[in-house]
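As the structure is a prediction and not an experimental result, all values here were calculated from the model.
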Amino acid sequence: FRLFWEVMDLYKGMRLGILFQPHLQARPTQGTSTQMPTDGKFGFSVLVAGQSMPEYTKEGKVYIESDLCTPVSYYQEVEEFANGERECQRTPVTPYKLLIQLGPLCETSAMFVYVDGVQVARFVMEKNQSRVLKGFEEKTGIREFLFALPRLESDGIADKTRSHVGKIEVLRHEGSFIKEEYRPVSEVHFIQASKASAQHVTGGRYTMSTTKKGRYIHRSKPYTAQLKTLWKIGCECGRLSVYYRMPHCLTEMGIELKTVDWSKMLNSAKELNSKDAKSPRVDECAPTECNSVTYAAALQIA
C-alpha cells in the first residue's frame, strides 16, 4: 500500500511538474515576465484583486508592480508630524494578498513570511496545500496588506531591516508536529517604512512604495488566547523572494511591463467574494468608488 501511494504522489508530481519543477521550465530572459518564484518544492505569488501579479526577472531578482492606481486602489487621509509640523495628505493605496503553495513531493514544512524585513506570519503546511494570507492578523481581526507611499515620520527601523524594505520573502524549514494547545495571542509589531528608509534602499534614485496596515477585512471579538499548533523546527531548506516596485521604476530598469487585464481580475474576485461572504474583501468596491479613512482614527481603533 505504501508503494501504491508513493507512485500516486509521483504521478501527481509529474502532472504539476511545470509549476513545481523549475528545471522543466524555460529560463526567463532578463526583463521578461515569468511564473511565480519556485524552488521546485514551493512557490508563492502576490495577489491583487484575487489574481497573481505578473512577475519579471532582472539580474537574478524577481520583481512585481506595486501599482497605486488600480481599480481596487483607494485613498487614505494620513496625518503625520514631520520636521515639527503637522502634515495632512490624501494618498493612494492598493490592497494585496499572498498565495503560498507547497508542492506534491514536499513533506510537512514550517513556513515563515517576511514583509519589509518583518515576520508577519508563520504556520505549518502539508504537501499539496495552498494558503492565502489576507493581511496582518491582530487580536481584533485581520487588516489589509497595503502597497503605499512611504511615511514622512521617522520609523526607527534598524539599518539591518531597512535593507529589506520593498521585499517579500518566504522561508521554508523542516517541521514536525508536536501538539496543540492554547497560547496567548501575539500581534505583529509592524511599522511602515519611512521616506528615509526607502532612500536607504534606492539611494534616492527613485520613489519607492512600502507596505502598511490597512482597513479591517475581518473583525472579531478581542481575545487573549487561541488554539495554536506547536511544531519542532528543523533546518532551513528553502527561501524565495519578490521585490515590489512602482511601475515607472521597473520601466526605468529596462523591464517591459505586461498589460494587466483588470476586468478579468475583478470578475474573478467577485466569484471568490460570493463563496466567502463571511470575509468581505476590499476589492468588492466598484472600480470608480473612492474610499477614504482617517489614519488617526484607524490607529485609535487598533
Side-chain angles (χ1 to χ4, degrees), residues 28-37 43-76 78 89-99 115-117 135 144-152 162-169 192-214 240-269 281-283 285-291:
T29 57
Q30 293 289 333
T32 60
S33 177
T34 182
Q35 295 182 354
M36 71 162 66
F44 80 94
S45 292
V46 178
L47 309 180
V48 175
Q51 295 294 314
S52 300
M53 291 297 292
E55 294 162 353
Y56 310 90
T57 57
K58 183 72 174 181
E59 298 178 354
K61 295 182 179 179
V62 178
Y63 293 88
I64 64 160
E65 295 179 67
S66 51
D67 195 348
L68 302 181
C69 298
T70 73
V72 297
S73 302
Y74 61 92
Y75 286 91
Q76 281 189 335
V78 181
Q89 299 185 79
R90 189 167 178 264
T91 60
V93 294
T94 300
Y96 71 91
K97 295 178 174 63
L98 301 176
L99 169 64
V115 175
D116 290 359
E144 301 166 311
F145 292 128
L146 290 181
F147 290 134
L149 294 174
R151 60 187 292 172
L152 299 177
R162 276 184 172 184
S163 61
H164 295 283
V165 172
K167 180 170 72 171
I168 301 171
E169 193 168 41
Q192 182 192 7
S194 67
K195 186 176 181 181
S197 292
Q199 290 178 342
H200 178 82
V201 176
T202 66
R205 296 189 303 275
Y206 54 85
T207 304
M208 183 179 179
S209 56
T210 62
T211 291
K212 68 184 297 186
K213 292 183 179 181
L240 298 174
S241 303
V242 164
Y243 297 81
Y244 60 90
R245 296 292 187 268
M246 299 177 72
H248 69 275
C249 299
L250 297 180
T251 301
E252 292 175 2
M253 292 169 60
I255 295 177
E256 183 178 351
L257 301 180
K258 294 182 62 177
T259 301
V260 179
D261 187 354
W262 290 111
S263 61
K264 179 180 178 180
M265 287 187 168
L266 290 172
N267 290 333
S268 176
R281 296 159 52 99
V282 295
D283 42 34
C285 304
T288 57
E289 182 179 353
C290 177
N291 302 284

Work out which heavy atom in [X] is nearest to a heavy atom in [Y]; give both atom names and the distance.
{"X": "Ile64", "Y": "Pro54", "value": "CG2-O, 3.7 Å"}
{"X": "Val62", "Y": "Glu55", "value": "CG1-CB, 3.8 Å"}
{"X": "Thr70", "Y": "Ser73", "value": "OG1-OG, 2.8 Å"}
{"X": "Tyr75", "Y": "Pro92", "value": "CD2-N, 3.7 Å"}
{"X": "Val72", "Y": "Pro95", "value": "O-CD, 3.5 Å"}
{"X": "Tyr74", "Y": "Gly214", "value": "OH-CA, 4.4 Å"}

Distance-only criterion, 3.5 Å: show the donor-acceptor pairs between side-chain atoms of residues 244-255 and protein atoms not counting sequence neighbours.
from, atom 1, to, atom 2, distance (Å)
Tyr244, OH, Asp116, OD1, 2.6
Tyr244, OH, Asp116, OD2, 3.1
Tyr244, OH, Thr211, N, 3.2
Tyr244, OH, Thr211, OG1, 3.0
Arg245, NE, Tyr206, OH, 3.2
Arg245, NH1, Gly166, O, 3.1
Thr251, OG1, Pro247, O, 3.2

Approximate separation, where rounding is to 0.5 Å, of [X] [atom1] and [Y] [atom2]:
{"X": "Leu146", "Y": "Ser66", "atom1": "CG", "atom2": "OG", "value": "12.0 Å"}
{"X": "Phe44", "Y": "Ser241", "atom1": "CZ", "atom2": "OG", "value": "6.5 Å"}
{"X": "Phe145", "Y": "Lys213", "atom1": "CZ", "atom2": "NZ", "value": "10.0 Å"}

Can any side-chain N or O of Tyr56 pair as donor or acceptor with the backbone N or O of Lys258 at less than 3.5 Å?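 At least one qualifying donor-acceptor pair exists.
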Donor-acceptor pair, side chain of Gln192 and main chain of Leu149, under 3.5 angstrom: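 The answer is yes, because a donor-acceptor pair under 3.5 Å joins these two groups.
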Can you list the residues that meet the ring-ring contact (aromatic ring centres under 6.0 Å, His included) rule with Tyr63, with sequence neighbours excluded?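 Tyr243.
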Excluding sequence neighbours, so at least two apart, what forms side chain to side chain contact (heavy atoms under 4.5 Å, CB included) with Thr91?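 Scan of Thr91 (side chain to side chain contact (heavy atoms under 4.5 Å, CB included), adjacent residues dropped) gives Val78, Gln89.
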Name all residues meeting the side-chain hydrogen bond (donor to acceptor under 3.5 Å, both in side chains) criterion together with His164; count only those two or more places apart in sequence or in a different chain, and write none if there are none.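 Lys167.
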